[in-house]
Chemist: 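Quick one: this structure, given as structure tokens, is what I'll be asking you about.
Protein chains get the first letters and strands the later ones, always in sequence-line order, with residue 1 at the start of each. All heavy atoms count here, side chains included; hydrogens, waters and symmetry mates do not.
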Amino acid sequence: MAQRRILVTAALPYANGPIHIGHLVEYIQADIWVRFQKLRGHQCIYICADDTHGTAIMIRARQEGRSEIDLIAEMQQAHVRDFEGFDIAFDNYGSTNSDENRQLCGEIWRALRSRGLIVERDVEQLYDPEAGTFLADRFVKGTCPKCKAPGQYGDNCDKCGSTYRAADLIDPVSTHSGARPELRSQRHLFVQLQQLHDFLTEWTQCGEHLQEEVANYLQGHFLNEPLRDWDISRPAPYFGFEIPDSPGNYWYVWFDAPIGYMASTRQWCDRHGEDFDDWWRSPDVEIHHFIGKDITYFHTLFWPGMLKSAGFTLPTKVRIHGFLTVGGEKMSKSKGTFVMAQTYLQHLDPSYLRYYYATKLSPRLDDIDLNLDEFAAKANADLVGKVVNLASRSAKFVRATGLAARYPDDGGLFQRAAAAGDEIAAAYEEGDYGRAMRLIMELADRANPYVEAAAPWNLAKDPRHAQELQDVCTVALNLFRQLAIYLAPVLPRLAQQTGVLLNKPIEHWADSQTPLVGTPVAQFHHMLKRVDRKDVDAMIEDSRTPSAEEPVGEPAAESAPAISQPLSDEPLAAECTIDDFAKVDLRIARIIAAADVPEANKLVKLTVSLGGDEQRTVFAGIKQAYTPEQLVGRYVVLAANLAPRKMKFGTSEGMILASGSGGQHVFLLTVDDGAEPGQRVH
RNA sequence: GGGGCCGUAGCUCAGUGGUUAGAGCAGGGGACUCAUAAUCCCUUGGUCGGGGGUUCGAAUCCCUCCGGCCCUACCA
């Protein structure tokens, strides 16, 4: 087989928080693929870096009273340590805040300029006068201009789903300082992606680079209409690279982040005497990006557009995976399922997680679930019970003699398992690790009955059976080694230990095709501890931090959204006067009728009484939290002088007060006994 | 509202037109005692979400309904 040259990247983790088990899905997935390719004898390099720029880093450094450089250096150290702990072996781990990156950004920028893709125009954006920064949409919160839901981010409302400009928010608040932002005009630079429309359609739809569902998504969401200009600059102050021909403006973090793949490659090239253009401008190199589905957009439209414009090699494949859930739910800090890499490592062996993820991963972008019972069962039953057991029950019988000089008759077991190698390799190649693991475990399921039938422990009792004993153990250990080779991309430690046990390192996939004979066998040492459910529980307990602060960041390589504290989620609004407060007329209301709105996802139609004949119709977005039956007769608080709002299902004449994040988490305000409908709340 | 994915044994899944639908784990019974209470043998368990259709033949193809998840939304 011709040696392929393959460059693999995983998304750059943002330098604003530690690595958690959600991130690890991707880094492990890519690491397995890289190790597999290396084992197959291909030249493959695994490239990553910290994503260090953006407002979030700047603000955080300021809050902590230190420089951004100091902050990102510390974070990088933590990330590197976490990755090492999980046997994730990057060939180079760089930083987007590097000279190499600045230089490459400039190079690509000049290419975009020279091709006439850059335009400039003024943008009105909210500015935080206290923090002295412009505010990205997600750093502004306020009341949705459409449905009046409070606490919405600056780009869209998760209550009614409408999109708007941050400047349209009612009572906007900066999440940095709590200050009221002001609208300022500022010159921004844009990439006219529309000029690349035909290219991007062709590239995304040709069927080679993307999963089919991703190609369909892009076609349906973006490529079916003119592509919008991409705002690629941010005004000072901004932690990042200043745009050389546009002083006072900085490249948006999402411009320099993917270029970080190249900058990190360049560092690797410099260390290994390789030519950078040989990797990024060579038709012979395959480039594979592993990313999460949250950053699809950047890697499948902007990034190919940038590469194309600057004459670099386009990605061979963008391999997109889903999010991690734990126990079928989003990772949760309060439930202890938001597990940091370090916390995991304090309690459990990384091999378990690598194997578990491998059994769950497929080429598709389905979310994968970490079920803790299944996690323990898989590690124990498959790895310890089936695989390692083969070695631990046979190695000591050949400690003195070593393996037999000729491979004995094993009824075709080794040959059959060798023949399965191609199919297993094909599964790895296409990212179908779940299938690869199933195939390997089928082999393991055939190996143990052999040992059982041959009963080496009986043969060991009679010296006359010495040769037979050696033969049986030679078979058992070779079958074990074969499994260890097939599992080596997933379990590098097991492969290494196997090499030590049999005095022959595992170096190549092809080692699985030929039995090992005549070599000495070392003392057997435990290779993998059984998972104790108590350790799993302790890890969850250690992760349970209801007061944990929510890291804020611009969209980075997050693999799972976090659950956060109410106050940081929705900071206090700007101060108001008692006159401001009095503008809102809050009244006690009694719900006299409640009806489901079948066509609506969230709405319940309420008829409330304000006493006497005064009634109002209110549509409340509480369907997922309350049934109509639960509501009738309740006393609630109504914002009674709110302008009527025409909705799809009728006109809403007020709002019922409730807290909570929405969905099932809505909590109506109730009133103590004695209050009467119509009374004002002061 | 639109789009996508999914629904097979208690659990996790395999099986995408062809003999009585499979595996692992869990459950039940037995064996063994070399091995990390690991292993081995036997075994219980499924109108393949419901209904309709195409076909000599459907878990598999088509239609429809139900349920779940995800994305997106006056535009796919």
Chemist: Describe the nucleic acid contact of A:N371 in one word from base, sugar-phosphate, nothing, applying a heavy-atom distance below 4.0 Å.
Modeler: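 The residue A:N371 makes no contact with any strand.
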Chemist: For the C1' atoms, the ones on B:rG45 and on B:rU8, what distance do you get once it is rounded to whole angstrom?
Modeler: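 Rounded to whole Å, the distance is 13 Å.
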Chemist: Calculate the interatomic distance between A:H525 atom NE2 and B:rU36 atom C1'; express it in whole Å.
Modeler: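 Value for this atom pair: 15 Å.
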Chemist: Report which part of the nucleic acid A:R435 touches: base, sugar-phosphate, or nothing (heavy-atom distance under 4.0 Å, all strands).
Modeler: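 Nothing, no nucleic acid heavy atom in range.
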Chemist: Please give the distance between the P atoms of B:rU44 and B:rA38 as a whole number of Å.
Modeler: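 It comes out at 24 Å once rounded to the nearest Å.
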Chemist: Nearest to the side chain of A:D367 - B:rC70, B:rC34, B:rC13?
Modeler: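 Comparing B:rC70, B:rC34, B:rC13 against the side chain of A:D367, the answer is B:rC70.
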Chemist: How many whole angstroms separate atom OH of A:Y217 from atom C1' of B:rC5?
Modeler: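 My rounded result for the distance is 15 Å.
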Chemist: Whole-Å distance between B:rC69 C1' and A:E213 CD?
Modeler: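 Nearest whole value for this atom pair: 14 Å.
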Chemist: Choosing from B:rG24, B:rC71, B:rC34, which nucleotide comes nearest the side chain of A:K386?
Modeler: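 Nearest to the side-chain atoms of A:K386, counting from C-beta on, is B:rG24.
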Chemist: Starting from P on B:rU36, measure out to CG on A:L348 and report it in whole angstrom.
Modeler: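 Rounded to the whole Å, the gap is 21 Å.
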Chemist: Pick the P atom in B:rC71 and in B:rG24, then give their distance to the nearest Å.
Modeler: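 Roughly 36 Å separates the two P atoms.
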Chemist: Check the distance between B:rA31's C1' and A:N448's CG and give it to me in whole angstrom.
Modeler: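 One finds 15 Å between C1' of B:rA31 and CG of A:N448, rounded.
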Chemist: How would you label the contact of A:F397 with the nucleic acid (heavy atoms, under 4.0 Å): base, sugar-phosphate, or nothing?
Modeler: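 Sugar-phosphate, backbone atoms only, no base.
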Chemist: Determine the contact category for A:V388: base if any of its heavy atoms lies under 4.0 Å from a base atom, sugar-phosphate if only primed atoms, P, OP1 or OP2 are that close, otherwise nothing.
Modeler: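 Base: the residue A:V388, judged by heavy atoms under 4.0 Å, touches a nucleobase.
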Chemist: Checking A:K378 against A:Y352: charged group under 6.0 Å from the ring centre and within 45 degrees of the axis?
Modeler: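 No; the conditions do not both hold, so A:K378 does not lie above the ring face of A:Y352.
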